[in-house]
Amino acid sequence: MEKINSFLSFKKSTECLCARVECKILRSHLLREMEGAWEIAFVLFQVWLSIVVGLIVLPAMFGVSLGFTDIYIKVLVKTLEWATLRIQRGQKEQPTLPSQSANGIIEKDDGSMEEEIGELRRSHPKNLAGGDFTMCDAFYFCKKGIENIVEDQVTQRFTSEELASWNLLTRTNNNFRYISVRLTIIWGLGVFIRYCILLPLRITLAVIGLSWLVIGTTLVGLLPSCNAKNWLSDLVHITCYRICARGLSATIRYHNKENRPKKGGICVANHTSPIDIVILANDGCYAMVGQVHGGLMGVIQRSIVRSCPHVWFERSEMKDRHAVAKRLKDHIADKTKLPILIFPEGTCINNTSVMMFKKGSFEIGGTIYPVAIKYDPQFGDAFWNSAKYNMVSYLLRMMTSWAIVCNVWYLPPMTRQDGEDAVQFANRVKSAIAHQGGLVDLSWDGGLKREKVKESFKEEQQKMYSSMIVGSDFHEASVGPA
């Protein structure tokens, strides 16, 4: 028995030893395979980074284009044209498919209140008595009320612009991709290209650009104030924004460059997206104005302010209009400082119109340099609907769009005229931007995106009607003393 027990114990120990040896061998094999996989991944990363830096980053830093984006846009245009024709043919073959309607549900009259009510009264001969109230006047207010319930001028400016034709993106509820097998294949190929090729490429470029901005501005900030420091600061800023623009496959056409904003002035532009800054700063440097933030944005703000005199405000300062105006006046008084970039609308609009400009930017004096920006929605929706998407979701949509294509017009500089108040000056600049960009000129406040209509707007309509009924002389006499 002792011999049997010793044999069994020897056998068990031998088996345990063999198992340990096998585990060590397997572990060594796994480690070698993992090391090999890491080596392959590292080599692929090196190749990827070399291609990105050599073919995109370096040309972007020197403002040179190798033509890849132009070829990509041409192929994309041809593809979208084919998809549009295929959808139109599919709608004829399948009448149940949704039609691609143009913007606007109803057609509104452009006449004034007095003209439209006068037209109603002329259609009722018994009610031509003049300045008395008539029942047919109520039809005007009913008609306007229903029109604004169905489609008002404000809320539709805070939703994505509808397209005349599908651009193979999924931002429409119409399932056009199921019209034919070929269209479905093209759509699936587009999803693969956008999420598996363009998205990693654009994230890489964004990381490179922002890292360069933070590191470069921090190093430049260590230098003493001199012309060389200003030149290096401008170089770091513009190269960063050029890299970020390449990361969005941006195709930007600048018009009338002789009107570009000059130092000591204020640049005002219509506002569609946070990338408006990238679009404008890709062609010149600006001093930014805004609130102090924390997190990653705070790191960027603190680094760039070391090399360039941007104007950042604490939350408490933003509420003090006099303090804001004073700091802006001090900035533009120094003709060696970069022009201030301001978006007077105060919120993002969907690039179909220009809404009311806040008068604060036009009260501080100085030369105003208007700029009109118009995006082409065919390649991607640049509008940031902050009520629907947070910043991360919005950037993901941007980086998975086909491209960002836009036109930028530099308008002649404008100054405040004699007898013109800040509101009139702001409206004149706004009208010029809207006219140049082919946008609708609206007088509504963009703050209605989050707030209710002010009572003053309602009172203004009531005063207009009362002055028409009882006469303008009586209205002025009754309102004047107040």
Side-chain angles (χ1 to χ4, degrees), residues 61-63 209 212-245 254 256-269 276-292 298-314 317-318 320-344 360-371 373 408-416 422 425-426 429:
M61 294 178 72
F62 292 99
W212 168 249
L213 178 65
V214 173
I215 296 171
T217 52
T218 301
L219 294 176
V220 171
L222 299 176
L223 300 175
S225 298
C226 59
N227 292 332
K229 179 181 179 179
N230 296 334
W231 179 79
L232 287 173
S233 176
D234 293 350
L235 181 64
V236 169
H237 278 82
I238 201 167
T239 51
C240 161
Y241 290 121
R242 283 175 177 173
I243 293 171
C244 292
Y254 298 97
N256 308 322
K257 287 191 174 184
E258 66 276 7
N259 296 325
R260 277 188 295 193
K262 295 179 174 56
K263 293 183 177 181
I266 302 173
C267 174
V268 298
D276 292 340
I277 296 172
V278 177
I279 298 300
L280 292 176
N282 196 56
D283 190 48
C285 294
Y286 297 89
M288 307 300 173
V289 178
Q291 182 178 309
V292 174
V299 172
I300 296 174
Q301 285 182 325
R302 288 191 295 272
S303 61
I304 64 178
V305 80
R306 293 189 182 102
S307 64
C308 179
H310 298 278
V311 185
W312 305 125
F313 297 96
E314 296 291 343
E317 290 182 296
M318 291 293 289
D320 189 348
R321 291 182 56 191
H322 297 290
V324 172
K326 184 180 184 306
R327 288 189 60 184
L328 294 180
K329 284 181 181 179
D330 293 341
H331 184 98
I332 65 173
D334 188 347
K335 301 304 179 183
T336 62
K337 292 183 178 180
L338 295 175
I340 297 176
L341 177 58
I342 297 177
F343 300 103
S361 309
F362 303 88
E363 289 178 326
I364 60 179
T367 304
I368 299 293
Y369 294 90
V371 177
I373 307 173
V408 176
W409 290 274
Y410 297 109
L411 280 66
M414 303 173 70
T415 55
R416 193 165 163 179
F425 184 28
V429 174

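- Summarising the geometry of Lys263 relative to Leu338, their closest heavy-atom pair is CE-CD2, 4.1 Å, with the distance given to 0.1 Å.
- Looking at every heavy atom in both residues, Gly221 comes nearest to Lys229 through O-NZ, 3.8 Å.
- Listed by chain and residue number, Thr336 satisfy the side chain to side chain donor-acceptor pair (under 3.5 Å) test with Asp334 (two or more places apart in sequence, or in another chain).
- Taking the side chain as every heavy atom from C-beta outward, Pro344 and Phe362 approach each other to under 4.5 Å.
- Scanning all heavy atoms of the two residues, the minimum distance from His331 to Pro309 falls at CE1-O, 3.2 Å.
- Looking at Val236 and Ile215, their side chains never come closer than 4.5 Å, going by heavy atoms from C-beta outward.
- Looking at Ile368 and Phe425, their side chains come closer than 4.5 Å, going by heavy atoms from C-beta outward.
- In this structure a side-chain-to-backbone donor-acceptor pair under 3.5 Å is present from His310 to Met288.
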- Are Val289 and Leu341 close enough, and set up right, to give a side chain to side chain contact (heavy atoms under 4.5 Å, CB included), and what steps lead you there? CA-CA 7 Å; Val289 178; Leu341 177 58; over 6 Å; no

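- Ile277 contributes atom CD1, which lies 11.5 Å from atom SG of Cys244 (distance to the nearest 0.5 angstrom).
- The CZ atom of Arg416 sits 11.0 Å away from the CD1 atom of Ile364 when rounded to the nearest 0.5 Å.
- By the 4.5 Å heavy-atom criterion applied to side chains, Leu411 and Asn259 are not counted as neighbours.
- By the 4.5 Å heavy-atom criterion applied to side chains, Phe343 and Val268 are not counted as neighbours.
- Two residues are said to be in side-chain contact when any heavy atoms from C-beta on lie closer than 4.5 Å; Tyr410 and Pro261 meet this criterion.
- Here the CD1-OH distance, from Ile266 to Tyr369, works out to 10.5 Å after rounding to the nearest 0.5 Å.
- Taking a 6.0 Å sphere around NZ of Lys326, one finds it holds 12 or fewer heavy atoms contributed by other residues, nucleotides or ligands.
- How far CD1 of Ile304 is from OG1 of Thr217: 7.0 Å, rounded to the nearest 0.5 Å.
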- Task: Tell me, with the steps shown, if Ile300 and Val214 meet side chain to side chain contact (heavy atoms under 4.5 Å, CB included).
- Result: CA-CA 6 Å; Ile300 296 174; Val214 173; 4.1 Å; yes

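- Ile340 has its side chain within reach of Ile332: a pair of non-hydrogen atoms, C-beta onward, lies under 4.5 Å apart.
- Among all heavy-atom pairs drawn from Asn256 and Trp409, the shortest one is ND2-CD1, 4.4 Å.
- Note: Asp234 CG to Cys308 SG = 7.0 Å, rounded to the nearest 0.5 Å.
- Distance SG/Cys285 to CG/Leu235: 8.5 Å, rounded to 0.5 Å.
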- Begin with the C-alpha distance, continue with both residues' side-chain angles, and end with the deciding distance and a verdict on side chain to side chain contact (heavy atoms under 4.5 Å, CB included) for Ile238 and Asn282. CA-CA 6 Å; Ile238 201 167; Asn282 196 56; 5.9 Å; no

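- In this view, Arg260 and Asp283 satisfy the salt bridge (Lys or Arg N to Asp or Glu O under 4.0 Å) rule, not counting sequence neighbours.
- The backbone N or O of Ser233 lies less than 3.5 Å from a partner atom in the side chain of His237, making a donor-acceptor pair.
- Considering all non-hydrogen atoms of both residues, Val278 and Ala245 come closest at CG1-N, 4.0 Å.
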- Task: Please report the C-alpha distance between Tyr286 and Leu280 in whole Å, then the side-chain angles of each, then the deciding distance to 0.1 Å, and finally whether the side chain to side chain contact (heavy atoms under 4.5 Å, CB included) criterion is met.
- Result: CA-CA 9 Å; Tyr286 297 89; Leu280 292 176; 4.0 Å; yes

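- Considering all non-hydrogen atoms of both residues, Cys240 and Gly209 come closest at SG-O, 3.3 Å.
- Contact check for Val220 versus Arg306: no side-chain heavy atoms found under the 4.5 Å cut-off.
- Every residue two or more places apart in sequence or in another chain was checked for a salt bridge (Lys or Arg N to Asp or Glu O under 4.0 Å) with Lys329, and none qualifies.
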